Amino acid sequence: MILNTGSRTDIPAYYSNWFYQRIKDRYVIVRNPYNPTQVTKYILSPDVIDAIVFCTKNPAPMLDRLDELKDFDMFWFVTITPYGKDIEPFVPDKDAVMDSFISLSRTVGPAKMSWRYDPIFIDEKYDVDFHINAFRKMSEKLKGSTNQVVVSFIDLYEKTKKNFPGVKSVSFSDQEMLIDAFSKIARDNNMQIHLCCEREELVRDNVDASGCLSQGVLEDAIGTHLKVPKPQNARAECQCLLGADIGAYNTCGHGCKYCYANYDRETVVYNMKHHDPMSPLLAGELNEDDVVHEANQKSWKDGQMSIFDL
């Protein structure tokens, strides 16, 4: 199975001590965000977890203790965009994040690293030329530290529209202009572009839409063939192996205006203030009426070699 840490919050940036405690205790419990009394317990063992997937805007708090994860395979998505504090008020300096990315890559290897340049939106300040220039500079700095970059355009979720009034979808003509430029820049820096749930019409040389964490990407990263049960995809257009998410909504402190996972800043501050790094739950505690069940966990590794491995 795949353990996902990053679709609901940023565990490496804000809850690394909690996560390492969960690894030490060898289990975690997760509240169902849509049915809060339903709670799932996951055993944190490399016998059943084939890879831990991290998604973060700041991996630095995790770096000094990575040896505690030596028994696990992992895959890292690090989101690095060119936006300023007007859009991402609490994200660290981007050069520092890129330095952490490079340091992490030296430890785990480029195949286990993916740079996310998303979501892309367009306005008077952050126009097409701005994005092309920023993408080029970042690509050149990250060259050799990853083999792929994930690109997507902003989705207007209800929470996004609430917290980012006035933001608009990116026109298809601007999407094409950006992808045409990005594909050349990425190729020059030895990176493959993976689109995240975007139109097939954007596929071209060095750009594919097979998913940022497709079975092939993950198998290349961990060096093992997987026999994946179906269905595993959260969205019909997505081929990614998203796995079980152990995060919680309304707990990410970055404050990004485009965020789909936070309702408002006040809720996030409250939840972060009441976070207990020793609790098996990331947010809150178990209640008397909670129903806890143990997840059905199995390894997907099939132990088989393909003819291409011979």
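Model, not experiment: these values are computed from the prediction.
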> Just checking, K159 and Y249: is the charged tip under 6.0 Å from the six-membered ring centre and within 45° of the axis?
yes
> If you count heavy atoms of other groups shown closer than 6.0 angstrom to NZ of K162, is the number above 12?
yes
> Is there side-chain contact between V28 and P280, with at least one heavy-atom pair below 4.5 Å?
no
> Answer yes or no: are there more than 12 heavy-atom neighbours, outside R65 itself, under 6.0 Å from its atom CZ?
yes
> Determine, stepwise, if the pair F101 / S145 fulfils side-chain contact (heavy atoms from CB on, under 4.5 Å).
CA-CA 8 Å; F101 186 109; S145 295; 3.8 Å; yes
> Using only atom types and a distance under 3.5 Å, with no angle test, would you say the side chain of D155 pairs donor to acceptor with the backbone of T160?
no
> Would you say N147 and Q192 make side-chain contact, with heavy atoms under 4.5 Å?
no
> Can we say R187 and D205 salt-bridge, meaning some charged N sits less than 4.0 Å from an Asp/Glu carboxylate O?
yes
> Please confirm whether F135 and Y117 have ring centers closer than 6.0 angstrom.
yes
> Restricting to non-hydrogen atoms, name the atom on C196 and the atom on R116 that form the minimum distance, rounded to 0.1 Å.
SG-NH2, 3.6 Å
> Is a side-chain donor or acceptor of N287 paired with a backbone partner of D289 at a separation under 3.5 angstrom?
no
> What distance do N133 atom CG and D129 atom CG have between them, rounded to the nearest 0.5 Å?
6.5 Å
> Any side-chain heavy-atom pair from M1 and S299 closer than 4.5 angstrom?
no
> Taking C-beta and beyond as the side chain, do Y14 and F90 meet within less than 4.5 Å on heavy atoms?
yes
> With rounding to the nearest 0.5 Å, note down the distance linking OH in Y42 to CG in N296.
10.5 Å
> Could you pull out the closest heavy-atom pair between T224 and K301, with the gap in Å?
CG2-CG, 3.6 Å
> Please confirm whether the backbone N or O of S183 pairs with a side-chain atom of N206, one donor and one acceptor, at under 3.5 Å?
yes
> Could you tell me whether N35 atom CG has more than 12 heavy atoms of other residues or ligands within 6.0 Å of it?
yes
> Compare every heavy atom of P12 with every heavy atom of P59, then report the nearest pair and how far apart it is.
CA-CB, 4.4 Å
> Got more than 12 heavy atoms from elsewhere within 6.0 Å of CZ, F172?
yes
> Checking S210 against D208: is there a side-chain donor and acceptor pair closer than 3.5 Å?
yes
> Measuring from atom OG1 of T107 to atom CG of L63, what distance do you get when rounded to the nearest 0.5 angstrom?
7.0 Å
> Report yes or no: does R31 contribute a side-chain atom to a donor-acceptor pair with the main-chain N or O of L282 at less than 3.5 Å?
no
> Taking C-beta and beyond as the side chain, do L241 and W300 meet within less than 4.5 Å on heavy atoms?
yes
> Is it the case that the side chains of T56 and D10 hold a donor-acceptor pair, with the cut-off being a distance below 3.5 Å and no angle test?
yes
> Closest heavy-atom contact between P119 and I154?
CB-CA, 3.8 Å
> Identify which one of V151, I193, I179, L178 satisfies the side chain to side chain contact (heavy atoms under 4.5 Å, CB included) criterion when paired with L202.
I179
> Are Y258 and E88 close enough that a side-chain donor and a side-chain acceptor fall under 3.5 Å?
yes
> Any non-hydrogen side-chain atom of D86 less than 4.5 Å from a side-chain atom of K125?
yes
> Using only heavy-atom distances, determine whether the side chains of Q21 and D25 contain a donor-acceptor pair under 3.5 Å.
yes
> Is it true that H131 and Y83 have ring centroids separated by less than 6.0 Å?
yes
> Salt bridge (charged side-chain N to carboxylate O under 4.0 Å, His left out) between D95 and K141: does it pass, once the steps are laid out?
CA-CA 9 Å; D95 284 321; K141 181 163 184 175; 3.7 Å; yes
> Is there a side-chain contact (heavy atoms from CB on, under 4.5 Å) between I120 and T81? Walk through the geometry before answering.
CA-CA 8 Å; I120 297 171; T81 67; over 6 Å; no
> Kindly compute the distance separating CG (L218) from SG (C212), expressed to the nearest 0.5 Å.
11.0 Å
> I23 and E68: which non-hydrogen atoms are nearest, and at how many Å?
CG2-O, 3.8 Å
> Which atom pair, heavy atoms only, marks the closest approach of Q297 to I49?
NE2-CG1, 4.3 Å
> Checking E294 side chain against T40 main chain: does a donor-acceptor pair fall under 3.5 Å?
no
> Is there a side-chain contact between H254 and C259 (heavy atoms, below 4.5 Å)?
no
> Out of I52, L281, V30, which residue meets the side chain to side chain contact (heavy atoms under 4.5 Å, CB included) rule with I246?
V30
> When rounded to the nearest 0.5 angstrom, what is the spacing between NZ in K41 and CD1 in I29?
8.5 Å
> In Å and rounded to the nearest 0.5 Å, what is the CD1 to SG distance from I87 to C256?
9.0 Å
> If you define the side chain from C-beta out and look only at heavy atoms, does anything of T9 sit under 4.5 Å from N262?
no
> Counting heavy atoms not belonging to K168, are there more than 12 under 6.0 Å from its NZ?
no
> Could you tell me if S152 and D118 have a donor-acceptor pair between their side chains, going purely by distance under 3.5 Å?
yes
> So, using ring-ring contact (aromatic ring centres under 6.0 Å, His included) as the criterion, who are the partners of F130 when residues are at least two apart?
Y126
> Any side-chain to backbone donor/acceptor pair from N250 onto V268? Under 3.5 Å, distance only.
no
